[in-house]
Amino acid sequence: MAQSRFIVVGGGLAGLMTVIKLAEAGNQVDLFSVVPVKRSHSVCAQGGINGAVNTKGEGDSPETHFYDTVKGGDFLAHQPFCKDMCYQGPAIIYLMDRMGVPFNRTNEGLLDFRRFGGTLYNRTAFAGATTGQQLLYALDEQVRRFEADGLVNKYERYEFLGVVKDSNGSCRGIVAVDMDTLEIKSFKADAVALATGGPGLVYGRSTNSMINTGSAASSVYQDGAKYANGEFIQIHPTAIPGTDKLRLMSESARGEGGRVWVPKQKGDSRPPRQISANERWYFLEEKYPRFGNLVPRDIAAQEIYNVCVNEGYGLGGGNMVYLDLTHIPREQLDKKLFGIMEIYEKFAGDDPRDVPMKIFPAVHYSMGGLWVDYERTPDGFLDRKSPRVHMTNIPGLYAVGEVDYQYHGANRLGANSLLSCLFGGMVTGPAMMEYVKNLNGASGDQPGSIYDDAESRWKDRFNQILAMDGEENPYRLHHEMGEQMIRTCTIVRFNKALSENEGYLNGLSDRWKKCSVLDTGITRNQSALFMNHLWNMIELAKVINKGALLRDECRGSHLKPDLKMEQPKDQNSPEYKEFLDKWHKQNDEWLKTTIAQWSDEGPQISYEPVDTSIIKPIPRRYD
Amino acid sequence: MSSTIEVHIKRQKEAGKQPYWEKFRVPYQASMNVITILQEIQRNPVTTSGEKVAPVAWDCSCLEEVCGACTMVINGHVRQSCSALVDKLEQPIVLEPMRKFPVVRDLVVNRQRMFESLKKIQAWTAIDGTYDLGPAEKQAPQHQHELYLFARCMTCGCCVDACPQYTREGDFVGPAALGQAYLFNNNKSARFQAEERLNALMGEGGIQDCGNAQNCVRVCPKDIPLTRAIAKLNGATMAQFFKNLLFK
């Protein structure tokens, strides 16, 4: 029997870990990436990676981590994924330690851990404030070692365009374009994993890298893959506003003691240092005495938004609040947060050791993504023998990392994304191997026509794009769509605006057809590639918007102020009983996964139950 | 501050073609960077003489100086374009591609040679496997701090662009790879392959090609103490040289 062929698309943490698992077992892997993999978006993760190693004598445990994760996600996550991930957390951190990640150390020489949002434990391992970069580099190095051994073949600066399916609808390979030459080719595989990251660029400016268009996910969605929970977009509470992007200021700033405040006097224009402690409103600490500045991200972002937009306490009357580290010794900041100190200094021009940072929430992460399957064991872990783990509804096509919808429910806890990417890769590689074991006929035995047909469909598509010479500029169209999505589909959502968006987004699809490609060459024609991204981004925007419109409740990152139920403080009061009844009614109706399937008329939405068999959903509280 | 920015860009249609210059004028915005300028050109790709042209091609990704992609030569200095703030640049702003790598198009270059150098020096820890073997050895915080300095290298190529010894035709591995060799030779496990790395650095394109110009440390955006690594490696390769002679 011919050796099985594997393709992994995307070279961030999830993709590289999948590659490593496959190559380690002796398989040949073709790895595709739009950038040299060392430049993948995982580099932007700053604060750390969670694992309940419990070295601080706090009695932390994987079970507690599991609980925090499920509660943080407002109970929308399938619990076996969360449980298995949290139980593997410590081992994954140890593995990265062995690969040489320079994690910060305690005086005894052990791994150091810090606080993060949504938990009361020091559970987050970190390498300065560039943890994602350091983890990615470690995997990049391991993959380079497999490359030198001839097991991994990299196709860097290649962009995934679509999958190749056989007559049964199973995935048998991919079509990709060489970004330097615009040459379009098909590649055979018995199993394919998409690890292509999130769709932040749908919002124009976000904390995401410019490569995070969600284009690959959108392409397979338009080809029949289900897209789940698209409306759950995480807004990170703290980012530096900017003209090109909104730069992340890690949650670790608050984990190390950073405090969020605004002047009590609206519009107070004095420099922050002249505003004394009792003239400052530390609104998170006041409202959430237990978790303080480390409430989960959905809550922190919503409170900051509320204080600025609804209550008018934003700095200088605008949309910004202070994130203050100036009370922390400089040496400690340099040792533990250097990477973000540097970013703030370089981009905002002030030294955050001396002056409080000015921040505002920004689009950061997609909890939703391609629907993926699983099988569970009776005790609530993933069944590691199952080929269905992380497989999309297209047989043989897997999704892993931010591009999948598992682990995080309605709101991701900080420092769980690096863990979910690594854990996801560790189970996806083996699942792909299980799948090909039982596969009927290898990709090598497939009729060549399925590859030729897929290839020519994409060649036609690009020839059509290269001939476009309308009035619209695709980059301006993208900018406009991003600003519209930020206005209407981020922290607060109103049905009227979402409903109007439907027409707007359909209009964008029409305007796309009136675009000029701007560049008709074949050498590194970024505009032609961008035209394809833009089409795909518009399709994903429709999924996000439609899911948000239809979901008539508040859950995690999805906030509809018109439907918000205030939770009475006193749990023994009759008001609380009344609240609880209402909450149960709404929860019973809406605790379900949104599934979008592509159609000519726009996304078709249906719903699926969630496995909440281990931890019982309750109204979340952090005060 | 004028309300527009003038920018001169060295362009090239493809590898081997003659480069040419084009001038653009874009609207000024507070706190804008060179990326914003290039994005404005995408939205309105018209030169100062009114000619409609193809948008300028350039690489970028993270926009927060941590991925290394958007490196180019700005007003004569090699650096990342995301952290090049317009308010701090003299005008007209002059953009050119990096000078030591083949140009793919406009400001896009191919830096594959840097990644090949990482293979040459085995820039990795040869772990036994990804299964659970518990934590690595304990490590002094000071040791972690030293390694972290070198682990921040983005392979952006500023150091090799500025290095007089690193030429398009030559085979010098360059300061970035030397920094990585030092990093791995001091890692608790990867140091077990230190001799192989030192031997690789004694061959063609190895450490003897360093001319000690020290440009690398001056341009490194992450302030990596590259010359310190090179000095330490010099001593270590010398010792390895004699060891090889003795135990041949």
Side-chain angles (χ1 to χ4, degrees), chain A residues 20-21 24 35-36 38-41 43-44 91 94-95 97-100 102-111 127-128 130 133-134 137-138 141-142 144-145 147-148 180 209-211 242-245 247-248 335 339 343 346-347 349 426 473 475-476 479 518-521 523-524 526-527, chain B residues 13-15 29 31-33 35-36 39 42-45 54-55 57 59-69 82-83 85 104-106 108 111-112 115 118-119 122-127 129-130 132-136 138-141 144-145 147-148 151-152 154-155 184 187-190:
Chain A
I20 289 168
K21 278 294 182 186
E24 189 175 59
V35 288
K38 194 175 177 176
R39 311 203 194 286
S40 302
H41 178 60
V43 293
C44 286
Y94 289 153
L95 168 63
D97 183 22
R98 282 171 45 225
M99 283 184 192
F103 285 118
N104 278 54
R105 300 281 160 171
T106 64
N107 285 334
E108 190 181 328
L110 297 173
L111 296 170
T130 61
Q133 177 196 46
Q134 294 305 313
Y137 288 3
E141 290 150 9
Q142 295 302 317
R144 188 166 292 105
R145 185 176 159 219
E147 198 188 2
D180 286 350
S209 295
M210 304 311 281
I211 52 177
T243 52
D244 54 338
K245 87 172 281 192
R247 293 177 177 84
L248 177 65
K335 215 172 113 198
I343 289 177
K346 286 197 179 181
F347 290 92
M426 293 186 88
N473 173 302
Y475 295 102
R476 266 186 292 208
H479 183 72
L518 302 175
D519 184 356
T520 52
T523 304
R524 192 49 95 94
Q526 294 177 325
S527 311
Chain B
K13 284 200 170 24
E14 57 188 86
Q29 299 168 56
S31 77
M32 76 193 290
N33 56 6
I35 297 284
T36 312
Q39 288 177 333
Q42 286 180 326
R43 289 172 200 146
N44 184 25
D59 270 334
C60 70
S61 185
C62 80
L63 307 195
E64 48 197 52
E65 209 192 68
V66 72
C67 80
C82 62
S83 52
L85 304 183
V104 176
R105 177 170 185 187
D106 295 341
V108 179
R111 283 170 273 187
Q112 188 56 32
F115 295 109
L118 294 178
K119 276 187 208 156
Q122 300 185 35
W124 51 71
T125 302
I127 59 163
T130 56
D132 184 9
L133 296 173
K138 284 185 183 177
Q139 209 178 99
Q144 179 271 340
H145 182 71
L147 296 191
Y148 181 64
R152 294 176 77 222
M154 314 181 280
T155 323
F184 286 96
N187 171 293
K188 291 275 181 187
S189 302

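Each chain gets a letter, A, B and so on, in the order the sequences are listed, and its residues count up from 1. All values derive from a computational prediction rather than experimental measurement.
Your options are B:R43, B:K119, B:R105, and the one with the most heavy-atom pairs under 4.5 Å with chain A is B:R43. Each of B:L63, B:L147, B:N44, B:D106 has some count of heavy-atom pairs under 4.5 Å with chain A, and the biggest count is that of B:L63. Comparing B:M32, B:R111, B:Q122, B:H145 by heavy-atom pairs within less than 4.5 Å of chain A, the highest count is held by B:R111. Considering only heavy-atom pairs separated by less than 4.5 Å from chain B, the leading option among A:R39, A:E141, A:M210 is A:R39. Most heavy-atom pairs under 4.5 Å with chain B: of the set A:A138, A:G128, A:C44, A:G109, this distinction falls to A:G109. Highest contact tally toward chain A, considering only B:A15, B:S189, B:G129, is held by B:G129 [criterion: heavy-atom pairs under 4.5 Å]. The candidate from A:K335, A:E147, A:H41 with the greatest count of non-hydrogen atom pairs under 4.5 Å with chain B is A:E147. Contact count versus chain B (heavy atoms, under 4.5 Å) is highest, among A:V35, A:N104, A:T520, for A:N104. Considering only heavy-atom pairs separated by less than 4.5 Å from chain A, the leading option among B:V66, B:D132, B:N187 is B:V66. Put simply, of B:C60, B:A136, B:S61, B:P55, the one with the most heavy-atom pairs under 4.5 Å next to chain A is B:S61.
To the nearest 0.5 angstrom, B:T36 atom OG1 is 4.0 Å from A:D244 atom CG. Note that CD of B:Q144 is 11.0 Å distant from OG1 of A:T106, once rounded to the nearest 0.5 Å. To the nearest 0.5 Å, the span separating CD on A:Q134 from CZ on B:R152 amounts to 8.5 Å.
For the ring-ring contact (aromatic ring centres under 6.0 Å, His included) test, no residue two or more places apart in sequence or in another chain qualifies with A:Y94.
Nearest heavy-atom pair across B:T125 and A:R98 is CG2-O, 3.6 Å. B:V104 and A:R524 make their closest contact through CG1-CB, 4.2 Å (heavy atoms, listed as atom of the first residue, atom of the second, distance). Annotation for A:P102 and B:Y148: closest pair CG-CD1, 4.0 Å, computed over non-hydrogen atoms. Taking both residues in full, the closest heavy atoms of B:C62 and A:S209 are given as CA-OG, 3.4 Å, listed atom of the first, atom of the second, then distance. Closest non-hydrogen pair, A:A148 versus B:W124, comes out as CB-CH2, 4.0 Å. Of all heavy-atom pairs between A:M426 and B:T130, the closest is CE-O, 3.7 Å.
Contact of the A:R144 side chain with the B:F115 side chain is registered, since non-hydrogen atoms from C-beta on lie closer than 4.5 Å. Between A:N107 and B:P141, the closest side-chain pair of non-hydrogen atoms falls below 4.5 Å. Side-chain contact between B:M154 and A:Q133: present, with at least one pair of heavy atoms (C-beta onward) separated by less than 4.5 Å. Using a 4.5 Å heavy-atom threshold, the side chains of B:I127 and A:L95 count as touching. Using a 4.5 Å heavy-atom threshold, the side chains of B:C82 and A:F347 count as touching. Side-chain contact check for B:E65 versus A:I343: every heavy-atom pair is 4.5 Å or farther apart. Within the 4.5 Å cutoff, side-chain heavy atoms of B:P45 are placed close to those of A:L518.
Other residues, nucleotides and ligands contribute over 12 non-hydrogen atoms within 6.0 Å of the NZ atom of A:K346.
B:T155 and A:K38 share a donor-acceptor pair across their side chains, judged by distance under 3.5 Å alone.
Between the side chain of B:Q29 and the backbone N or O of A:T243 there is no donor-acceptor pair closer than 3.5 Å.
With a threshold of 4.5 angstrom between heavy atoms, B:A123 approaches chain A through N, CA, C or O but not through any side-chain atom. Contact of A:S527 with chain B is made through the side chain alone, with heavy-atom distances under 4.5 Å. Heavy atoms of B:Q39 lying under 4.5 Å from chain A belong exclusively to its side chain. Contacts between B:L133 and chain A at a heavy-atom distance below 4.5 Å involve backbone atoms as well as side-chain atoms.
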Query raised in the report: Under the salt bridge (charged side-chain N to carboxylate O under 4.0 Å, His left out) criterion, do A:D97 and B:K188 qualify, and how do the steps go?
Result: CA-CA 10 Å; A:D97 183 22; B:K188 291 275 181 187; over 6 Å; no
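The pair A:K245-B:E64 counts as a salt bridge, with a side-chain nitrogen and a carboxylate oxygen less than 4.0 angstrom apart.
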